[in-house]
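To start, the structure itself, in structure tokens.
All chains are named by letter (A, B, ...) in the order of the sequence lines, taking the proteins before the strands, and each is independently numbered beginning at 1.
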Amino acid sequence: MKNKRFLVVFLLVSLVLAGIVSHYASSSPDGLEKVAADKGISAKEKDHSLKDAPFADYGVKGVGNGRLSGGLAGIAGVGVVLLVGGGAFWLLRRRAPARDA
Amino acid sequence: MHVPDGFIDAPVSAGAGVVAVAGVALALRGARRELDDRTAPLAGLTAAFVFAAQMLNFPVAAGTSGHLLGGTLAAILVGPWTGVLCVSVVLLVQGLLFADGGLTALGVNIVNMAFVTVLVGYGLFRLLLRVLPRTRAAAVGAAFAGAVVSVPAAAVVFTGIYALGGTTDVSIGKVAAAMIGVHVLIGIGEALITALTVSSVLAVRPDLVYGARGLAKPLELRAEPVSV
């Protein structure tokens with residue numbers, strides 16, 4: 001598989017997972033949440049300081065349809081992580097001339 | 001396993017924050033050696049994939065779910081230093097954009113979910129590769145083993161941090177037992193996703209898998225010498 005095609009497929013898989021498949025994820029508390037609730041760790045839990053942010057809790061504020069709201073939030077997240085992470089990695093990378101060693 | 005605000009007291013949260021900043025700074029230096037024109041785009045996409053996969057909570061036991069942490073996976077695909085940075089970026093975006101994982105707990109979360117999973121998962125992966133035959137199947141098996149252990153390891157470290165700075169007075173032994181028990185199950189999910197992803201990338205682009213570069217060598221030997 002050519003490099004560009006591979007990268008495009010990898011991106012598409014991520015977008016489909018975050019935008020579509022995430023709708024079918026379990027909404028049960030995760031391992032830590034469950035233990036915290038069972039054992040009393042969460043007694044002093046505080047609300048997240050950004051709990052009213054536009055994408056809080058993997059939804060988009062103002063989008064009523066849950067599937068659409070979650071899907072858009074997932075796609076936005078993939079985009080932001082790609083921009084932040086990809087940007088940082090691109091700046092950090094070694095430049096090409098290493099090859100003629 | 002995102003720790004919210006209020007579980008860990010301020011001094012220990014701040015201490016974990018200092019450890020996180022120091023570790024990320026080290027990773028930024030180390031990642032320079034792993035990243036070039038070819039691998040930098042793959043690393044960005046690996047971070048995006050880890051974010052996407054973390055949205056997919058799978059059921060594990062009665063009324064409980066788990067999701068990928070992704071440190072072992074990212075480290076195998078793009079290298080351990082870059083893997084630490086991939087998971088850290090995911091945690092940062094989750095905390096700031098999606099209100100997932102407390103902001104005062106960001107250091108705790110980076111230590112648990114980025115450092116520990118890469119250190120333990122990738123470390124075990126490399127150890128196993130030393131003793132296993134140099135085949136693709138062995139690499140996938142080593143990826144599975146590293147991933148499966150990395151999740152309860154993160155649970156143990158969370159329990160340790162909780163023992164130092166937990167805000168409630170509960171039995172550490174009971175917390176440890178419950179955390180390890182459920183995270184062994186979540187670790188199996190982590191291992192399945194990690195092994196599936198590593199074997200998929202190995203099948204189409206083995207040359208792009210950082211942790212399996214030694215495996216590509218036998219293939220190179222078969223190549224005809226190119227006349228210039």
Side-chain angles (χ1 to χ4, degrees), chain A residues 1 3 6-7 10-11 13-18 21-22 24-36 38-53 55-58 73-74 76-90 92-96 98, chain B residues 1-7 28 31-33 35-45 47-49 51-53 55-60 63-67 82 85-86 89-90 92-93 96-100 102-103 155 158 162 166-168 170 174-175 178-179 182-183 186 204-205 208:
Chain A
M1 208 185 276
N3 213 31
F6 172 79
L7 295 175
F10 200 23
L11 175 61
V13 169
S14 304
L15 288 171
V16 167
L17 292 179
V21 183
S22 62
Y24 303 94
S26 166
S27 54
S28 298
D30 78 8
L32 174 61
E33 288 167 339
K34 183 75 162 70
V35 172
D38 287 354
K39 306 292 169 197
I41 292 176
S42 51
K44 294 190 178 165
E45 178 173 350
K46 293 190 187 119
D47 278 344
H48 199 284
S49 25
L50 301 173
K51 70 178 166 59
D52 297 318
F55 289 98
D57 220 11
Y58 301 92
V78 167
V80 172
V81 170
L82 186 60
L83 276 177
V84 174
F89 298 141
W90 192 249
L92 280 174
R93 81 195 192 282
R94 279 178 289 119
R95 311 299 151 108
Chain B
M1 198 189 278
H2 297 69
V3 179
D5 288 322
F7 278 20
L28 284 167
R32 282 180 180 278
R33 276 172 296 185
L35 294 165
D36 57 27
D37 284 348
R38 224 165 53 109
T39 55
L42 177 69
L45 286 166
F49 178 82
F51 170 85
M55 289 182 77
L56 309 180
N57 281 60
F58 46 84
V60 283
T64 313
S65 74
H67 63 73
T82 309
L85 296 178
C86 283
V89 165
V90 168
L92 187 71
V93 171
L96 289 176
L97 202 58
F98 298 98
D100 189 14
L103 296 184
F158 166 78
Y162 187 77
T167 52
T168 51
V170 298
K174 283 182 185 161
V175 170
M179 281 298 287
V182 66
H183 285 95
I186 296 172
V204 288
R205 289 297 302 269
L208 285 181

To the closest 0.5 Å, what do you measure between [atom1] ([X]) and [atom2] ([Y])?
| X | Y | atom1 | atom2 | value |
| --- | --- | --- | --- | --- |
| Phe158(B) | Ile41(A) | CZ | CD1 | 4.5 Å |
| Asp5(B) | His48(A) | CG | NE2 | 6.0 Å |
| Glu33(A) | Ser65(B) | CD | OG | 7.0 Å |
| Asp100(B) | Tyr58(A) | CG | OH | 3.5 Å |
| Tyr24(A) | Leu56(B) | OH | CG | 12.5 Å |
| Asp30(A) | His183(B) | CG | NE2 | 6.0 Å |

Looking at [options], which makes the most heavy-atom pairs under 4.5 Å with chain B?
| options | value |
| --- | --- |
| Ser42(A), Ala76(A), Gly79(A) | Ser42(A) |
| Ser28(A), Gly74(A), Ala53(A) | Ser28(A) |
| Ala88(A), Ser22(A), Ala36(A), Gly77(A) | Gly77(A) |
| Ser27(A), Ala18(A), Pro29(A), Gly86(A) | Pro29(A) |
| Ser26(A), Gly85(A), Gly40(A) | Ser26(A) |
| Leu15(A), Val35(A), Asp52(A) | Val35(A) |

Legend entry - Sequence-distant partners of Asp57(A), salt bridge (charged side-chain N to carboxylate O under 4.0 Å, His left out), two or more places apart: none
Report which part of [X] has an atom under 4.5 Å of a heavy atom belonging to chain A: side chain, backbone, both, or neither.
| X | value |
| --- | --- |
| Thr82(B) | both |
| Val60(B) | neither |
| Leu45(B) | both |
| Arg205(B) | side chain |
| Ala43(B) | both |

Inset, instruction - Start with the C-alpha distance between Phe51(B) and Val80(A), add both sets of side-chain angles, then the distance that settles side chain to side chain contact (heavy atoms under 4.5 Å, CB included), and finish with yes or no. - result: CA-CA 10 Å; Phe51(B) 170 85; Val80(A) 172; over 6 Å; no
Inset, instruction - Pick out which of Arg94(A), Arg95(A), Arg93(A) makes a side chain to side chain donor-acceptor pair (under 3.5 Å) with Asp37(B). - result: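 Single pass found, and it is Arg93(A).
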Checking [X] against chain B: side chain, backbone, both or neither under 4.5 Å from a heavy atom?
| X | result |
| --- | --- |
| Val13(A) | side chain |
| Lys44(A) | both |
| Val81(A) | both |
| Asp47(A) | backbone |

Legend entry - Nearest heavy atoms of Leu97(B) and Phe55(A), plus distance in Å: O-CB, 3.3 Å
Inset, instruction - Mind listing the closest non-hydrogen atom pair of Val78(A) and Ala52(B) along with its distance? - result: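 Closest heavy-atom pair between Val78(A) and Ala52(B): CG2-CB, 4.1 Å.
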Legend entry - Beyond-backbone contact of Phe89(A) with Pro41(B), side-chain heavy atoms, under 4.5 angstrom: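 SC-SC contact between Phe89(A) and Pro41(B) ruled out.
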Legend entry - pair Phe6(A)-Leu42(B): side-chain heavy atoms closer than 4.5 Å: yes
Inset, instruction - May I have the step-by-step check of side chain to side chain contact (heavy atoms under 4.5 Å, CB included) for Leu208(B) and Asn3(A), ending in yes or no? - result: CA-CA 9 Å; Leu208(B) 285 181; Asn3(A) 213 31; 3.8 Å; yes
Legend entry - With sequence neighbours excluded, residues passing ring-ring contact (aromatic ring centres under 6.0 Å, His included) with Phe58(B):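 ring-ring contact (aromatic ring centres under 6.0 Å, His included) list for Phe58(B), sorted by chain: empty.
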Would you mind telling me which of [options] has the largest number of heavy-atom pairs within less than 4.5 Å of chain A?
| options | result |
| --- | --- |
| Val182(B), Leu103(B), Val204(B) | Leu103(B) |
| Gly63(B), Ala155(B), Ala47(B) | Gly63(B) |
| Pro4(B), Gly66(B), Ala31(B), Ala53(B) | Pro4(B) |
| Met1(B), Lys174(B), His2(B), His67(B) | Met1(B) |

